[in-house]
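Some notes on the structure that comes next.
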2 protein chains.
Amino acid sequence: MTTTDAAPEAGARLRAVGLKVTAPRLAVLQAVAGAGHLDADAVHARITGELPGTSLQSVYNVLGALTDAGLLRRIEPAGSPALYESRIGDNHHHVVCTRCRAVADVECVVGEPPCLVPGESTGAASGFAIHTAEVTFWGLCADCRVALEASALEASAPEASAAEASALETPAPVASA
Amino acid sequence: MTTTDAAPEAGARLRAVGLKVTAPRLAVLQAVAGAGHLDADAVHARITGELPGTSLQSVYNVLGALTDAGLLRRIEPAGSPALYESRIGDNHHHVVCTRCRAVADVECVVGEPPCLVPGESTGAASGFAIHTAEVTFWGLCADCRVALEASALEASAPEASAAEASALETPAPVASA
DNA sequence: CAGTTGTTTTGAGTGATTCAAAACAACTGC
DNA sequence: GCAGTTGTTTTGAATCACTCAAAACAACTG
C-alpha cells in the first residue's frame, strides 16, 4: 500500500473542496487516516518516510488547510498540542487520559451538533447563539490504570505516589510528558 | 473596597489549604473573584495597580498554586490561553464565542462530576476509567451576533464577509485576537 | 526574634504555532 | 504540450504562553 494507491480517492476529495492536489496533502491525509489522533509533529514524522523533504511548516499549512476545508477535524485537549483526526461529519467526542494524554473516541448519542443544549431554565447561555457542544471526558486509560494499581500495591512508596496521585485529577497540564 | 477589606476571608482560605498568606496571592484571589474568566496576563494587569512590583512569573506561580489547591479552576478553551475562575465546587460548564473568544458560564444540570457518561452500549470509553466530563459550548455571543447581523445587511461587501463567516465555525483558533 | 521553609523574583529557555517573503508547482486556457 | 496564473511549499525568523532554575526574600514556627 503506497501513497499512489490511496491517492486517487484522496485527490478527488481535495478537488471537491477546491484544493490543489499535492504530494504533501495526500501524504498528510493518508497519515492521519491511518492513525487515531496525531499532532503536527507526529504527522510530520509519519510522512517523512515517503516524502523526505517535507517541512514541518508545510505540515502546519496542510493541516490548517485540510481542517478549514472540513477534511480533518482538530481537537485541542488541555495540556496537549492540537490533534488531528480524519473522522469527521459525525459529531463524536473524546476521552483523554489524565496521566499519559492518550485520546480515544467516544460515540455521541446524538451525532448532530449541538448534541447538547444548555438548560434554558438555568439562566445559562447569556445571549449566546450556540451551535456546537464539545464534550471531553477525562479519566485513566487502561494502561495507566494498570500501572497505577501496580504501584499502589507497594503501599507506602512515598516518592512515586505523589506524582501518580495527580493523574487522578481533572484537566491539568501534565507535569512530565 | 481595598485589598485589606477582602484579605481576612481570603487569608483564611489560603491557610485552610496549607498555603502561606502573601500579598500576591491575596491580590490574585481578589482579581479573579472580581472578574469572570481571566488569563495570566489579565490577572497580572489587574493586580499591577495595587501591587506594582509583582512579576508575571509570580502570577503564574500563584495561579498554579491556587489551582492545585482547589481555590481556582483553570479552563483551556481551544485557541485561548488558560483562563482562571473562582467558581469552584459546582461542576459548571462554559460557552465560548467563536468570534471574540468571550467566555460565559453555563449551569450544569447535574453539578457533580462526571455529569455525563459515555453510552456503555456504544462501545465507547475503550477501557478508560472516566471521572470527569467537560462540556464546552461554542457559539456567538450577543455582541458578535449583532455585529455580524449588522454587516450582513450590507449584503455583498466581499472583503468583510469572508472573515466573519469563519466565526460561525466550530472550535478553530481565531485568526485575529 | 532567629530559623526554616515556602515564595517571589530575575533571567533564561522551550514547545507549539504563526508570519512573511521568495521559490516553486498545479491547474487553466491556448 | 506549453506558458501563465494562482495557490503551495519552503526557508527563516518571530511570537505567544508558559516552564525551569537559582538566588533573594518573607511567612510562619518555636
Side-chain angles (χ1 to χ4, degrees), chain A residues 7-8 10-12 14-29 38-45 47-48 51-69 71 74-84 101 172-177, chain B residues 7 10-12 14-29 37-45 47-48 51-69 71 74-84 101 162 171-177:
Chain A
L14 284 169
R15 284 203 191 81
V17 295
L19 290 174
K20 287 186 178 168
V21 179
T22 68
R25 284 178 179 169
L26 293 173
V28 167
L29 228 27
L38 265 43
D39 62 24
D41 244 18
V43 171
H44 185 234
I47 70 176
T48 290
L51 224 56
T54 317
S55 66
L56 177 58
Q57 175 61 45
S58 290
V59 172
Y60 274 105
N61 290 162
V62 169
L63 288 171
L66 297 182
T67 303
D68 289 350
L71 295 183
R74 163 170 42 214
I75 62 171
E76 299 178 45
S80 298
L83 301 175
Y84 297 84
R101 246 62 189 175
V174 102
S176 43
Chain B
L14 284 170
R15 283 203 192 80
V17 294
L19 290 174
K20 288 187 179 169
V21 179
T22 68
R25 285 177 178 171
L26 294 172
V28 166
L29 226 28
H37 306 85
L38 265 43
D39 62 25
D41 243 18
V43 171
H44 185 234
I47 69 176
T48 291
L51 223 56
T54 317
S55 66
L56 177 58
Q57 175 60 45
S58 291
V59 173
Y60 274 105
N61 289 162
V62 170
L63 288 171
L66 297 182
T67 303
D68 288 350
L71 295 181
R74 165 170 39 215
I75 61 171
E76 299 178 44
S80 299
L83 302 175
Y84 298 83
R101 246 60 188 177
V174 100
S176 43

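Every chain is numbered from 1 and lettered A, B, ... according to where its sequence line falls, protein lines coming before strand lines. Everything numeric in this text was worked out from a predicted model, so none of it was measured.
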Exercise for the section: Rounded off to whole Å, could you give me the CZ-to-P distance for the A/Arg101 and C/dG15 pair? Expected result: 17 Å

Practice task
Return the value, rounded to whole Å, for the distance between atom CD1 of B/Ile75 and atom C1' of D/dA17.
Solution key: 16 Å

Practice task
Would you indicate which nucleotide in C/dA16, D/dC18, C/dC27 comes nearest to any side-chain atom of A/Val21?
Solution key: C/dC27

Fill in the blank from the handout: Those residues at least two apart in sequence (or on a different chain) that pass ring-ring contact (aromatic ring centres under 6.0 Å, His included) with B/His37 are B/His94

Problem - Length of the NE2-P vector between B/His44 and C/dT10, whole Å - result: 10 Å

Problem - Partner residues of A/Ser55 under the side-chain hydrogen bond (donor to acceptor under 3.5 Å, both in side chains) criterion, sequence neighbours left out - result: A/Ser58

Problem - Distance in angstrom units between A/Tyr60 OH and D/dA13 C1', rounded - result: 15 Å

Practice task
Round to a whole Å and report the spacing from CG of A/Asp41 to P of C/dT18.
Solution key: 13 Å

Practice task
Indicate yes or no for a side-chain donor-acceptor contact from B/Arg25 to the backbone of B/Lys20 under 3.5 Å, with no hydrogens or angles considered.
Solution key: yes

Fill in the blank from the handout: In this structure, CG of B/Asp39 is separated from CZ of B/Arg101 (nearest 0.5 Å) by 13.0 Å

Practice task
Mind checking side chain to side chain contact (heavy atoms under 4.5 Å, CB included) for B/Asn61 and listing every partner two or more places apart, or none if nothing turns up?
Solution key: B/Gln57

Problem - From B/Ile75 atom CD1 to B/Thr67 atom OG1, the distance as rounded to the nearest 0.5 Å - result: 11.5 Å

Exercise for the section: Grab the CG-C1' distance between A/Leu56 and C/dA16 for me, whole Å please. Expected result: 9 Å

Completion exercise
Residue pair B/Ala40/A/Val59 against DNA chain D: nearer the 5' end by closest nucleotide is A/Val59

Handout entry: Exam field: side chain B/His44 to backbone B/Tyr60, donor-acceptor pair closer than 3.5 Å
Key = no

Problem - Annotated protein contacts, base or backbone, on nucleotides 2-8 of chain C with a non-hydrogen cut-off under 4.0 Å, one of B, S, - each - result: ---BSSB

Exercise for the section: Select base, sugar-phosphate, or nothing to describe what B/Ala65 touches, counting heavy atoms under 4.0 Å on all strands. Expected result: nothing

Practice task
Can you figure out which of D/dA17, C/dG11, C/dT18 approaches the side chain of A/Gln57 most closely?
Solution key: C/dT18

Handout entry: Between C/dT18 (C1') and A/Asp68 (CG): distance, integer Å
Key = 14 Å

Problem - Stem segments of DNA chain D by first residue number [Watson-Crick or G-U, under 3.5 Å, at least 3] - result: C:1-30 with D:1-30

Practice task
Please assess A/Leu14 against A/Leu26 for the test side-chain contact (heavy atoms from CB on, under 4.5 Å), listing each intermediate value before the final yes or no.
Solution key: CA-CA 9 Å; A/Leu14 284 169; A/Leu26 293 173; 3.9 Å; yes

Handout entry: A/Leu19 vs A/Leu66, side-chain contact (heavy atoms from CB on, under 4.5 Å): CA-CA, chis, key distance, verdict
Key = CA-CA 9 Å; A/Leu19 290 174; A/Leu66 297 182; 4.0 Å; yes

